[in-house]
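Position 1 is the first residue of the sequence; numbering continues from there.
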Amino acid sequence: MNPRNAAEIALGVAGVWLIVSRIPELGVSLVYPIAEPEGSLPWFVVVHVGLVIVCGLGLLLLRHRIASWLVPTSQPDLSGSVAGFQAAAFSVLGLFLLAQGLADILAQLTISVSGSQGSSFDRFAGPIAQTAVGLALFLGARGVATIWQSLRTAGRPSGGGDAGAA
């Protein structure tokens, strides 16, 4: 398995997980709707869950393109070093956090627009932080993988046989 294949698999798994993790929430919100004061269905719940599911579908359907962007050159199979695989994994985790953070920001915006609760920075702080961490992980995945490798091999002799192990 080369790093591009590993990235494709990880992106597909992340997409499926995003979809599957929101299906119970969507089902509960449709079966037992939290009624607004005027009796209507709070559409922001459906929009939030729908956006996360769309992001999951996007990861699933675009995994080949995203993986080729993450690992642009053809690389040999993973045998000794797994730094490329780790960078791809950090990128996928970053994409997941980014998608979920953006969905949460949209949910908070729709709550603010609907006027059901007052606008407060406290409600936006978590989703903004999650989006920032996701973006940083996605863009800085190679650096994080390098730091991870340095931490894993700290204190070992430089000729260690498992220096590239995860």
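With rounding to the nearest 0.5 angstrom, the CD atom of Q100 is 10.0 Å from the SG atom of C55. Between the CG atom in L62 and the CG atom in L11 there is a gap of 9.5 Å [rounded to 0.5 Å]. Atom CG in L139 sits 8.5 Å away from atom CG in L98 (nearest 0.5 Å).
L102 and W17 fall within a single hydrophobic cluster, where Ile, Leu, Val, Met, Phe, Trp and Tyr are joined by side-chain heavy atoms under 4.5 Å apart, directly or via other members. Cluster membership for V54 and L95, using ILVMFWY side-chain heavy atoms within less than 4.5 angstrom, is not shared. The hydrophobic clustering, which links ILVMFWY residues whose side-chain heavy atoms are closer than 4.5 Å, places L61 and I66 apart.
Residues V92 and A7 approach most closely at CG2-O, 4.3 Å, considering heavy atoms. Between A145 and A87 the shortest heavy-atom distance is CB-N, 3.8 Å. Here the closest non-hydrogen pair linking G15 and L59 is CA-CB, 3.9 Å. Between A67 and E8, the shortest heavy-atom contact is CB-CG, 3.3 Å. Among all heavy-atom pairs drawn from A103 and V52, the shortest one is CB-CG2, 3.3 Å.
Judged purely by atom type and a 3.5 angstrom limit, R63 uses its side chain to pair as donor or acceptor with the backbone of L60.
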- Task: Please test L18 against I53 for side chain to side chain contact (heavy atoms under 4.5 Å, CB included), starting from the C-alpha separation and ending with a verdict.
- Result: CA-CA 6 Å; L18 272 174; I53 289 174; over 6 Å; no
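Side chains of T131 and L97 form no contact here, defined as non-hydrogen atoms less than 4.5 Å apart.
None of F96, F90, W69 except one satisfies the ring pair (Phe, Tyr, Trp, His ring centres under 6.0 Å) rule with F138; the exception is W69.
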